[in-house]
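On a predicted model such as this, the values are computed, not experimentally measured, just so you know. Order of appearance sets the numbers: ligands from 1, and atoms from 1 within every ligand. Counting from 1, the numbers follow the sequence of the chain as shown.
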Amino acid sequence: MAERSIPLIDLRAAQRQRPAISLDPIAPSGHVADARGRELRDLRISVTDRCNFRCSYCMPKEVFGKDHPFLPHAELLSFEEITRLAKLFVAHGVHKIRLTGGEPLLRKNIERLIEMLAALRTVDGTPLDLTLTTNASLLARKARSLRDAGLQRVTVSLDALDDAVFRRMNDVDFPVADVLAGIEAAQAAGLAPIKVNMVVKRGTNDQEIVPMARHFRSSGIALRFIEYMDVGATNGWRMDEVLPSAEVRARLAEHFELRPLDASAPGETAERWAYADGAGEVGFISSVTQAFCGDCNRARLSTEGQLYLCLFASRGHDLRALLRDPAVSDAQIAGAIARIWHVRQDRYSELRGRAELPPEARERRVEMSYIGG
Ligand code: SAM
Ligand code: SF4
Ligand code: SF4
C-alpha cells in the first residue's frame, strides 16, 4: 500500500499560553451556562496522549510512529492538579467525569486518580457519575482494582468481532479475544452498566454491524454505533466512508425489531433504541448526520491541562499555567473557568460543511488522542 503522508500540525506548543481572561474570583453557584444557554455538566479528562493501539481513524501509524513526540511526564497534569481542577468544575455543576486519552489505562497508578475523584461530591451532594473509556487491552488485568478504587462503570471501544478485521483496525495486531476477556472481567468486577462503542467505517467494518449486535444482545451491555468523525487532522477522513446511523439502523431492522427510547439524560450523545423482544438496547451516536450541539454540555481537559470547549476546537485555554502559578487561587481559577464557559459558542457539527465555519476549524483541529473522546 502506498504510504500516506499527512502533515501533523502540532498545535500543542502554540497553545501553551495563559488564558487572556480576567482572574477576578467567582464563587461557583453550581450552574454556569454558555453563550447558547448550555450548562456545563460533563467533563472529559484525557490522562495520557499515548496509546498502544493505532486505530487508523484516530492515531494512524504513519503519523503516530516511533518518533512521534508524545508529551514528557512533566508536561502532564499530576493527579493532584487534575483533582484540584475537577473539584472546581464540579462546583460549577459538573455531574459526570469521564477519563479518557489516549489509552487511560496506560497512565501509571490510574487507580489512585480514580480514588481521588470518587471522593468528590456534586453540588447536590451525590457521588459523581465517574466513568472511563478504554480499548480494554489492559482491562482483564485492571477491572477489579478500578472497581475497588471507586470506578462505577466503563465504556469499551470495540470495532469488530472478527479477529482479522479487529487486528487490522487496531493496526497493532491486537486479538479480539483479549478485549472480550476484558469486558467479561469488567462484568465480573461489577462495573455497570457497561457500554461498547463501535466506530463504523463503510467498507472497513460495516459487515460487523449485525454480528456485533447479535453478540451483545441479551448481555446487559449497550452497544453504540458511532459515525466515523472528522476529528483531528490526520485520519484522512472522507464522507464516503461514513455510514450514516440511519443506514446502520436499517441494516439492524432486517434482523431485529427496534423501538425508540426516550433520552435518559439531557445532552446525551446517543439516540437509544430497544430491542422489541426485551433483549436490551442499542445506541446511535450520529455526530456527522445529526448534530447534537444544541444541548452539548461537555468540556474537555487535555493531558497537559488545556481546556477545550468542543471536540473539534482548534485551540484550548491553558489552565495548567494558572494551576502552576502559586499566586493564583482556586477562586480565581474558578472565575477563569466560568468566564471561558460563558462565552462558548462552539457548535462544529451543526456547521460542518457550512460557510459560517471558521477556516481554522476546517484546517487546525486538535487530535482526539490528545483531548480524548
Ligand atoms: N483509547 C480509548 C478508547 O479507544 O476507548 C479512549 C480514547 S478514544 C480517543 C475515545 C473514543 O473515541 C473511542 O470510542 C474511539 O472509538 C472514538 N474515536 C476515535 N476517533 C474517532 C473518529 N474518527 N470517529 C469516531 N469516533 C472516534
Ligand atoms: Fe487508541 Fe482509542 Fe485512539 Fe484507538 S481510538 S488509537 S485505542 S486512543
Ligand atoms: Fe459538542 Fe462540539 Fe460535538 Fe457540537 S461538535 S456536540 S459543540 S463537542
Asks: Is atom NZ of Lys87 surrounded by more than 12 heavy atoms (other residues, nucleotides or ligands) closer than 6.0 Å?
Replies: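 No, the 6.0 Å shell around NZ holds no more than 12 heavy atoms from other groups.
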
Asks: Against ligand 1, does Met198 come closer than 4.0 Å with any heavy atom?
Replies: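 No; Met198 lies far enough from ligand 1 that no heavy-atom distance drops under 4.0 Å.
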
Asks: Counting only heavy atoms, which portion of Thr133 has something under 4.0 Å from ligand 1: side chain, backbone, both, or neither?
Replies: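 The answer is both.
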
Asks: With a 4.0 Å heavy-atom cut-off (strictly under), which part of Thr134 contacts ligand 1: side chain, backbone, both or neither?
Replies: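 Contact part for Thr134 vs ligand 1: backbone (N, CA, C, O).
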
Asks: Show me which atoms of ligand 3 lie under 4.0 Å from any heavy atom of Arg300.
Replies: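 With Arg300 as reference, the close atoms of ligand 3 come out as 8 (S).
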
Asks: Run the numbers for me: atoms of ligand 1, each under 4.0 Å from some heavy atom of Asn197, listed by number.
Replies: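 Result: 14 (O).
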
Asks: Could you check whether Asp277 pairs with Arg217 (Lys NZ or Arg NE/NH1/NH2 to Asp/Glu carboxylate O, under 4.0 Å)?
Replies: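 Judged by the 4.0 Å cut-off on N to carboxylate O distance, Asp277 and Arg217 do form a salt bridge.
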
Asks: Report whether Ile340 and Ile26 are members of the same hydrophobic cluster (ILVMFWY, side-chain heavy atoms less than 4.5 Å apart, transitive linking).
Replies: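 Cluster IDs for Ile340 and Ile26 differ.
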
Asks: Apply side-chain hydrogen bond (donor to acceptor under 3.5 Å, both in side chains) to residues Arg320 and Gln306 and explain how you reach the verdict.
Replies: CA-CA 7 Å; Arg320 194 187 66 186; Gln306 297 269 340; over 6 Å; no

Asks: Does ligand 1 come near enough to Thr100 that some N or O of the ligand is less than 3.5 Å from an N or O of the residue?
Replies: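 Among all N and O atoms of Thr100, none is under 3.5 Å from an N or O of ligand 1.
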
Asks: For ligand 1, which atoms sit closer than 4.0 Å to a heavy atom of Gly101?
Replies: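 Matching atoms, with element in brackets: 7 (C), 9 (C).
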
Asks: Describe, in one word, how the ring planes of His68 and Phe70 are oriented to each other, choosing from parallel (under 30°), tilted (30 to 60°) and perpendicular (over 60°).
Replies: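 The rings of His68 and Phe70 stand perpendicular, inter-plane angle above 60°.
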
Asks: Of Arg153, Arg41, His95, Arg98, which is the lone residue that meets side-chain contact (heavy atoms from CB on, under 4.5 Å) with Asp129?
Replies: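 Of Arg153, Arg41, His95, Arg98, side-chain contact (heavy atoms from CB on, under 4.5 Å) with Asp129 is met by Arg153 alone.
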
Asks: Look only at interatomic distance and state if Met229 has a nitrogen or oxygen under 3.5 Å from any nitrogen or oxygen of ligand 1.
Replies: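 Min N/O separation from ligand 1 is below 3.5 Å for Met229.
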
Asks: Mind checking whether Arg44 contacts ligand 3 via backbone (N, CA, C, O), side chain (CB onward), both or neither, at a 4.0 Å heavy-atom cut-off?
Replies: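 None of Arg44 does.
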
Asks: If the threshold is 4.0 Å, N to carboxylate O, is there a salt bridge linking Arg202 and Asp240?
Replies: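 Salt bridge between Arg202 and Asp240, a charged N being under 4.0 Å from a carboxylate O: no.
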
Asks: Ignoring waters, how many protein N/O/S atoms are under 2.8 Å from atom 4 (Fe) of ligand 3?
Replies: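 For atom 4 (Fe) of ligand 3, the figure is 1.
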
Asks: Specify the closest pair of heavy atoms between Thr289 and Ser245, including all atoms of both residues, with the distance to one decimal.
Replies: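 Looking at all heavy atoms of both residues, the shortest contact is OG1-N, 4.4 Å.
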
Asks: Do the side chains of Arg112 and Glu115 get close enough for a salt bridge, i.e. N-O under 4.0 angstrom?
Replies: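 Between Glu115 and Arg112 there is a salt bridge, with a charged N closer than 4.0 Å to a carboxylate O.
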
Asks: For Tyr228 and ligand 1, does the shortest N/O to N/O distance drop below 3.5 Å?
Replies: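 Between Tyr228 and ligand 1 (N or O atoms, distance only) the closest approach is not under 3.5 Å.
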
Asks: Would you call Glu271-Arg249 a salt bridge at under 4.0 Å N-O?
Replies: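 Judged by the 4.0 Å cut-off on N to carboxylate O distance, Glu271 and Arg249 do form a salt bridge.
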
Asks: If you measure every N/O of Gly102 against every N/O of ligand 1, is any gap under 3.5 Å?
Replies: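 Yes; the residue has a nitrogen or oxygen that sits under 3.5 Å from a nitrogen or oxygen of the ligand.
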
Asks: I'd like to know if the side chain of Arg272 reaches the main chain of Asp262, judged simply by a donor and an acceptor atom lying under 3.5 Å from each other, with no hydrogens or angles considered.
Replies: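 A pair under 3.5 Å: yes.
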
Asks: Does an N or O from Tyr57, backbone or side chain, lie closer than 3.5 Å to an N or O of ligand 1?
Replies: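 By distance alone, the answer is yes.
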
Asks: If you define the side chain from C-beta out and look only at heavy atoms, does anything of Asn135 sit under 4.5 Å from Phe174?
Replies: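 Not touching, per the 4.5 Å side-chain cut-off.
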
Asks: If you draw a sphere of radius 2.8 Å around atom 1 (Fe) of ligand 2, how many protein N/O/S atoms end up strictly inside it?
Replies: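 If we list every protein N, O or S atom nearer than 2.8 Å to atom 1 (Fe) of ligand 2, we get 1.
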
Asks: Looking at atom 6 (S) of ligand 3, what's its closest protein heavy atom, distance included?
Replies: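 For atom 6 (S) of ligand 3, the nearest protein heavy atom comes out as Arg298 NH2, 3.5 Å.
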
Asks: Give the atom numbers and elements of ligand 1 that come within less than 4.0 Å of a heavy atom of Glu103.
Replies: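 Here the atoms of ligand 1 in question are 1 (N), 2 (C).
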
Asks: Under a single-linkage definition using a 4.5 Å side-chain heavy-atom cutoff for Ile, Leu, Val, Met, Phe, Trp and Tyr, are Leu261 and Ile226 assigned to the same hydrophobic cluster?
Replies: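 No, it is not one cluster - the side chains of Leu261 and Ile226 are not joined through contacts under 4.5 Å.
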
Asks: Please list, in number order, the atoms of ligand 1 under 4.0 Å from a heavy atom of Ile226.
Replies: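 This gives 25 (C), 26 (N) as the contact atoms.
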
Asks: Without swapping roles, check the side chain of Arg121 against the backbone of Ala118 for a donor-acceptor pair under 3.5 Å.
Replies: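 Checked: pair present.
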
Asks: Within the distance-only criterion (no hydrogens, no angle test), does the side chain of Asp159 pair as donor or acceptor with the backbone N or O of Val199 below 3.5 angstrom?
Replies: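 Yes; judged by distance alone, with no hydrogens or angles, the pair exists.
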
Asks: Determine yes or no for a side-chain-to-main-chain donor-acceptor pair under 3.5 angstrom, with Glu227 supplying the side chain and Val288 the backbone.
Replies: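 Flag set: sc Glu227 to bb Val288 pair under 3.5 Å.
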
Asks: Please say which of Glu304, Glu81, Glu80 ends up in a salt bridge (charged side-chain N to carboxylate O under 4.0 Å, His left out) with Arg324.
Replies: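 Answer after filtering Glu304, Glu81, Glu80: Glu81.
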
Asks: Enumerate the atoms of ligand 1 whose separation from the nearest heavy atom of Asn135 is less than 4.0 angstrom.
Replies: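 Close to Asn135: 2 (C), 3 (C), 5 (O).
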
